Colleague: 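Take this structure first; my questions come after.
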Amino acid sequence: MQETVKRQRIYFILILVIFNHTLSYAQNPFEVIEEPLHYSKKASSFTINIIGYNEDFVMNEWQKYITDFSGLTYVTAVNKGVVEMESKGVVFPLLNDDQVTLYTRFSPNRALTGVLLTVWIQSADGTFFSSKSGKEEAERIKNWLFEFQDKIRLLNTRIKYNQKF
């Protein structure tokens, strides 16, 4: 009888561990979500969850980051904590150095622990980029967003380090 109870406890604990492990991957902040635009299934948006930083800091660093690609960024809309920006004239090396317009949305994530940064890429002819037309380019765009996230982390580490002394 006691042995049966011990087995049941072990199975229960094992199920909890597996369930918890699965949930931790379901909420992985280290991924870029790609979704079709609601008004055009032939266009993709890319969203990264930047945890641990406030919206103003991320937006400021984004503007500096886009400046490195010859783009001019300005705010187009602000509504209840959601800020939208447009970056024109961006020379985008990930798409053969084509000049593109980036549409960016900054919004608080659901847990209010960081910022969701969503990007749409419009080419000079007015069409939006879709991963269906370029799988390799889509992967490069995702990696580019990870590079931006890493840049923020590195910058934040330097700020913390310099404040200690």
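Remember, it's a predicted structure, so these values are computed and weren't measured experimentally. Note that these values count all heavy atoms, side chains included, but never hydrogens, waters or copies made by symmetry.
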Colleague: Restricting to non-hydrogen atoms, name the atom on L117 and the atom on F148 that form the minimum distance, rounded to 0.1 Å.
Modeller: CD1-CE2, 3.7 Å
Colleague: Step by step, would you call I66 with D68 a side-chain contact (heavy atoms from CB on, under 4.5 Å)?
Modeller: CA-CA 5 Å; I66 296 304; D68 293 342; over 6 Å; no
Colleague: Measuring from atom CD of E55 to atom CG of N60, what distance do you get when rounded to the nearest 0.5 angstrom?
Modeller: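 So the gap between those two atoms works out to 12.5 Å.
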Colleague: Working to the nearest 0.5 Å, report the span between CG of L94 and CG of L145.
Modeller: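 Reported value, rounded in 0.5 Å steps: 9.0 Å.
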Colleague: In terms of ring plane angle, is the pair F69 and W144 parallel, tilted or perpendicular, where the classes change at 30° and 60°?
Modeller: perpendicular
Colleague: Please enumerate all residues that pass side-chain hydrogen bond (donor to acceptor under 3.5 Å, both in side chains) together with N109, with sequence neighbours excluded.
Modeller: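 Partners of N109 by the side-chain hydrogen bond (donor to acceptor under 3.5 Å, both in side chains) criterion, ordered by chain and then number, come out as N49, T113.
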Colleague: With the 4.5 Å side-chain cut-off for hydrophobic clustering, are I50 and L155 part of the same group?
Modeller: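 I50 clusters together with L155.
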Colleague: Quick check on the hydrophobic clustering: are I141 and I33 connected, directly or via other members, by side-chain heavy-atom contacts under 4.5 Å?
Modeller: no
Colleague: Give, for atom CD1 of I152 and atom OH of Y65, the distance between the pair rounded to the nearest 0.5 Å.
Modeller: 9.5 Å
Colleague: To the nearest 0.5 Å, tell me how far T104 OG1 sits from I121 CD1.
Modeller: 9.0 Å
Colleague: What are the two closest heavy atoms between N54 and V115, and how far apart are they?
Modeller: C-CG2, 3.8 Å
Colleague: Do NZ/NE/NH1/NH2 and the carboxylate oxygens of K151 and E61 come within less than 4.0 Å?
Modeller: no
Colleague: Decide ring pair (Phe, Tyr, Trp, His ring centres under 6.0 Å) for F46 and W120; before the verdict, give the C-alpha distance in whole Å, the side-chain angles of both, and the deciding distance to 0.1 Å.
Modeller: CA-CA 7 Å; F46 299 88; W120 299 268; 9.9 Å; no
Colleague: Tell me the closest heavy-atom pair linking L112 and P108, and the distance in Å.
Modeller: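 Residues L112 and P108, closest heavy atoms: CD2-CB, 3.7 Å.
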Colleague: For V100, does its backbone N or O pair with a side-chain atom of D98 as donor and acceptor, under 3.5 Å?
Modeller: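 No, because the side chain of D98 does not come within donor-acceptor range (under 3.5 Å) of the backbone of V100.
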Colleague: With a 3.5 Å cut-off and sequence neighbours excluded, list the donor-acceptor pairs that the side chains of residues 71-83 form with protein atoms.
Modeller:
from, atom 1, to, atom 2, distance (Å)
T73, OG1, S87, OG, 2.7
Y74, OH, E86, OE2, 3.2
T76, OG1, E84, O, 3.2

Colleague: Minimum heavy-atom separation for S44 and S130, please, with both atom names.
Modeller: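 Minimum heavy-atom contact is OG-CA, 3.5 Å.
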Colleague: Which is it for Q99 and F92 under the side-chain contact (heavy atoms from CB on, under 4.5 Å) test, yes or no, and what are the steps along the way?
Modeller: CA-CA 6 Å; Q99 268 203 352; F92 210 54; over 6 Å; no
Colleague: Test M59 against Q63 for side-chain contact (heavy atoms from CB on, under 4.5 Å), laying out the working first.
Modeller: CA-CA 6 Å; M59 286 188 305; Q63 286 177 311; 5.5 Å; no
Colleague: Taking S131 for its side chain and K135 for its backbone only, find out whether a donor-acceptor pair lies under 3.5 Å.
Modeller: no
Colleague: Can you hop from M85 to L116 via hydrophobic side chains spaced under 4.5 Å?
Modeller: no
Colleague: Going by the rule side-chain hydrogen bond (donor to acceptor under 3.5 Å, both in side chains), which residues pair with S45 if we only count those two or more places apart in sequence or in a different chain?
Modeller: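 Not a single residue meets the side-chain hydrogen bond (donor to acceptor under 3.5 Å, both in side chains) criterion with S45.
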Colleague: Can you tell me how far CD of Q149 sits from CG of N143, rounded to the nearest 0.5 angstrom?
Modeller: 12.0 Å
Colleague: So F106 and W62, would you call those rings parallel, tilted or perpendicular, with 30° and 60° as cut-offs?
Modeller: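 Judged by the thresholds at 30° and 60°, the geometry between F106 and W62 is perpendicular.
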Colleague: Can you see which heavy atom on F129 is nearest to which on G134, and at what distance?
Modeller: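 Taking F129 first and G134 second, the nearest heavy atoms are CZ-O, 3.5 Å.
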